[in-house]
2 protein chains.
Amino acid sequence: MAATIRDVARVAGVGLGTVSRVINNSPLVSQATRQRVLDVIAELRYNPSQIARSFSLGKTLTVATIAPFFTRPSVVERLRGIEAALASGGYALVVFNVETRARRDNCLRDVPRSQRADGLLIISLAPQPDEVLALQETRLPVVLIDAYADSLPGVTIDDVAGGALATEYLIALGHRRIGFIGDLIADEMSFNFTSSRHRLEGYQQALVAAGIPPRDEYQRHGLHGRYEARVLARDLLELPEPPTALFAASDTQAMGVLEAARDLNLAVPDQLSVIGFDDIDVAEYLGLTTIRQLLFESGERGVELLLKRIANPATKLEREYLPIELIARGTTRRIAR
Amino acid sequence: MAATIRDVARVAGVGLGTVSRVINNSPLVSQATRQRVLDVIAELRYNPSQIARSFSLGKTLTVATIAPFFTRPSVVERLRGIEAALASGGYALVVFNVETRARRDNCLRDVPRSQRADGLLIISLAPQPDEVLALQETRLPVVLIDAYADSLPGVTIDDVAGGALATEYLIALGHRRIGFIGDLIADEMSFNFTSSRHRLEGYQQALVAAGIPPRDEYQRHGLHGRYEARVLARDLLELPEPPTALFAASDTQAMGVLEAARDLNLAVPDQLSVIGFDDIDVAEYLGLTTIRQLLFESGERGVELLLKRIANPATKLEREYLPIELIARGTTRRIAR
DNA sequence: CTGTTAGCGCGTTCAC
DNA sequence: GTGAACGCGCTAACAG
């Protein structure tokens, strides 16, 4: 059906090697034969088979990415950075979306073994020690994004510092009753998300440093999502002594908090301060105070690290920390006295 | 380095064919040898090479998707549907994000020729007639999603009807000065987006049908984006005789309209009604009246059509229309009299 | 400069 | 049931 390199060689009256050299822009072809071959290629509408090429080369020019809930705005933005960096490097991106524990495990196990990609990017999922070992056994270059694991390279932020930054800001505004809304512990365990947990740690540390004892009833965890956060926040805000400020582990959850405030007729920021995390696109629209992290760049940098390791697998383990920044907008204010 | 089928055969003391048969669950292997082979596979940590497999089979078990601006919420949701359907069919998804005209053309030309996928999904981009021909020449099964082209299968909605539906609703609420904000015409031309243009048609038809002459100055076009829509809307609302209702060709643009109203201290919906399109996730949060379309399902259905064509390329051209639905929320109301 | 040949790892014939 | 050839389309190494 489709023309092969052999057809081209035959019609052009040259050897296979010559056609291959033309395709690969090898300088060892005379201008005349090159032109002849190119003409035949055009005439036969020949396209080199990528698969055969990959097979022969032992390279797929493809990078796989495993991402949990890849419709989350923060994940999408990372993916955009990944795709952009990959495309400019001539690589294709294959995406595996993970929304269940079983799929997470399967992907982590099978994707590296399938050898369909030259490298693997893992977003927001921290492989367990045994998974790390299995990963390393495959010899496939791997880079984590927004996740951390011993002996695996990665690009991330200091989530503990981020949690502290948000909390310190609320404290500086005079708040002392500060609540936290983050991902479900069971969920974290199941996927091994780590960022929400670390942000919680930063929150607790900041409270302690300010002489405010963290209160268990001020810390709520639920499935990552606006609706779940809304329910948790409503519960929190109906406590006899409700928080005057809430720190949500993500902007999506912060939106749920804002909904809860609306439900309870609490004015934001007058009666309740709210701070989120990530600075996703809608945060600006909502005037949401948040901690900004460089999502697009995290994808770009992850690809850079990965391509470096693909080129030279012996590259020493690199781990990169991206900066974070407090973006003060309209959902936080000094507590009314 | 990595074990091959040959190693397994040697260690297990069987022939290559037998190992292959075990891997592919062929019934023509005795229980005893099968177990022996499986043991060796486990011992050697052997994984069949996906590339060699694809090469030998002539199938990649991969589907490529070309998507413009794949961070747009509506596109992401379609992609999620695609990935889910693909994964359950054992296919992998490779994504090409398109944000410039040049890249659009390159992708449309090169992706099908590269033969890295068994099929191609194209989101929101309508290939030109010559591109359709080139596409068909590659013999690669193609399905369009949210786009239409002669002689190419696809799943879409009736955008004209959608535009009419939104406009008729505003008319029914008593509005007669109704504006429209959509994608840039030049931009449409360049990417050949069609949905915004069709929604505009529906808008005009509905006006005419109600005896309201469409006014040019009420129709504005800009780059797809919240900020751009905000500027356009502000301009529109500062007209001497401003519209009392605005129909935005997407929810993202409707958000820009809401911002513009905020800028001008116009109360929504009391002084201005706003309706969007798509019913993306935040629409509910914002209480935005909109036209809902089934984004996730469009991806799923696109995959179904595609897999059918991959299995049998002679399948007759199918084109599927998904339903739309008006979701009335809080940004529209009967005009004050 | 150019033609030829040997694999790349696997599925699929065939004979046994 | 099982083992041994052959071929998928291409690249790389070699011989000319």
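Quick note on labels: first sequence line is chain A, next is B, and so on, each numbered from 1. These numbers come from the heavy atoms of this one structure, side chains and all, not from hydrogens, waters or symmetry mates.
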Spacing of Ile5(B) atom CD1 relative to dG7(C) atom P, expressed in whole Å: 18 Å

Could you list all the side chain to side chain donor-acceptor pair (under 3.5 Å) pairs where at least one residue sits in residues 305-317 of chain B, not counting sequence neighbours? Lys308(B)-Glu318(B)

Checking side chain to side chain contact (heavy atoms under 4.5 Å, CB included) for the pair Ile23(A)/Ile5(A): CA distance, chi angles, key distance, verdict? CA-CA 10 Å; Ile23(A) 297 170; Ile5(A) 196 171; 4.1 Å; yes

So if I take residues 46-56 of chain A and measure heavy-atom distances to DNA chain D, which residues fall below 4.0 Å? Tyr46(A), Pro48(A), Ser49(A), Ala52(A), Arg53(A), Phe55(A), Ser56(A)

Identify all pairs in which a protein N or O lies below 3.5 Å from an N or O of nucleotides 14-16 of chain C, and state each distance.
none

Suppose we screen for ring pair (Phe, Tyr, Trp, His ring centres under 6.0 Å). Which residues come up paired with Phe55(B), at least two apart in sequence or across chains? Phe55(A)

Using five pairs at either end of the helix from dC1(C)-dG16(D) to dC16(C)-dG1(D), determine the angle between the two local helix axes and round it to 10 degrees. 50°

Rounding to an integer number of Å, can you tell me how far Asp118(A) CG sits from dC8(C) P? 19 Å

Applying side chain to side chain donor-acceptor pair (under 3.5 Å), name anything that partners Asp150(A), two or more places apart in sequence or on another chain. Tyr148(A)

Rounded distance (Å) that lies between atom C1' of dC10(C) and atom NZ of Lys59(B): 16 Å

The complete set of salt bridge (charged side-chain N to carboxylate O under 4.0 Å, His left out) pairs with one or both residues in residues 39-49 of chain B, sequence neighbours excluded, reads Glu137(A)-Arg45(B)

Closest heavy-atom contact between Ala64(A) and Ala117(A)? N-CB, 3.6 Å

Does the side chain of Leu306(A) come within less than 4.5 Å of Val63(A)'s, by heavy atoms? yes

Give Gly58(B) one of three labels, base, sugar-phosphate or nothing, depending on what nucleic acid heavy atoms sit under 4.0 Å from its own. nothing

Need one value for Val14(B): base, sugar-phosphate or nothing, where a base atom within 4.0 Å counts as base even if backbone is also close, heavy atoms only. sugar-phosphate

For Phe70(A) and Thr65(A): C-alpha separation, side-chain torsions, deciding distance, then whether side chain to side chain contact (heavy atoms under 4.5 Å, CB included) applies. CA-CA 10 Å; Phe70(A) 83 159; Thr65(A) 300; over 6 Å; no

Does anything in residues 31-45 of chain A come within less than 4.0 Å of DNA chain D? Heavy atoms only, and list the residues if so. none

Which part of the nucleic acid, if any, lies within contact of Leu28(A), taking any heavy atom under 4.0 Å across all strands shown: a base, the sugar-phosphate backbone alone, or nothing? base

Determine, step by step, whether Leu133(B) and Gln136(B) satisfy the side chain to side chain contact (heavy atoms under 4.5 Å, CB included) criterion, reporting the C-alpha distance in whole Å, the side-chain angles of both residues, the deciding distance to 0.1 Å, and the verdict. CA-CA 5 Å; Leu133(B) 283 179; Gln136(B) 289 175 329; 3.9 Å; yes

By the salt bridge (charged side-chain N to carboxylate O under 4.0 Å, His left out) test, which pairs, at least two apart or in different chains, include something from residues 73-92 of chain A? Glu77(A)-Arg80(A), Arg78(A)-Asp146(A), Arg80(A)-Glu99(B), Glu83(A)-Arg103(B)

Is any side-chain heavy atom of Tyr91(B) closer than 4.5 Å to one of Leu307(B)? yes

Nearest atoms (heavy-atom pairs only) where Val75(B) meets Ala67(B): CG1-CB, 3.9 Å

Note: for Asn24(A) and Leu57(B) on DNA chain D, the residue whose nearest nucleotide lies more 5' is Leu57(B)

For Ala84(A), give me all partners under side-chain contact (heavy atoms from CB on, under 4.5 Å), at least two apart in sequence or on another chain. Phe296(A)

Tell me which pairs pass salt bridge (charged side-chain N to carboxylate O under 4.0 Å, His left out) where either residue lies in residues 8-23 of chain B, with sequence neighbours left out. Asp7(B)-Arg10(B)

Do Arg72(B) and Ser124(B) get their side chains close enough for a donor-acceptor pair, meaning under 3.5 Å? no

Provide the start and end nucleotides, 5' to 3', of the part of DNA chain D that has atoms under 4.0 Å from heavy atoms of chain A. dG9(D) to dA12(D)

Side-chain donor/acceptor of Asn47(B) to backbone N/O of Ser114(A), under 3.5 Å: no

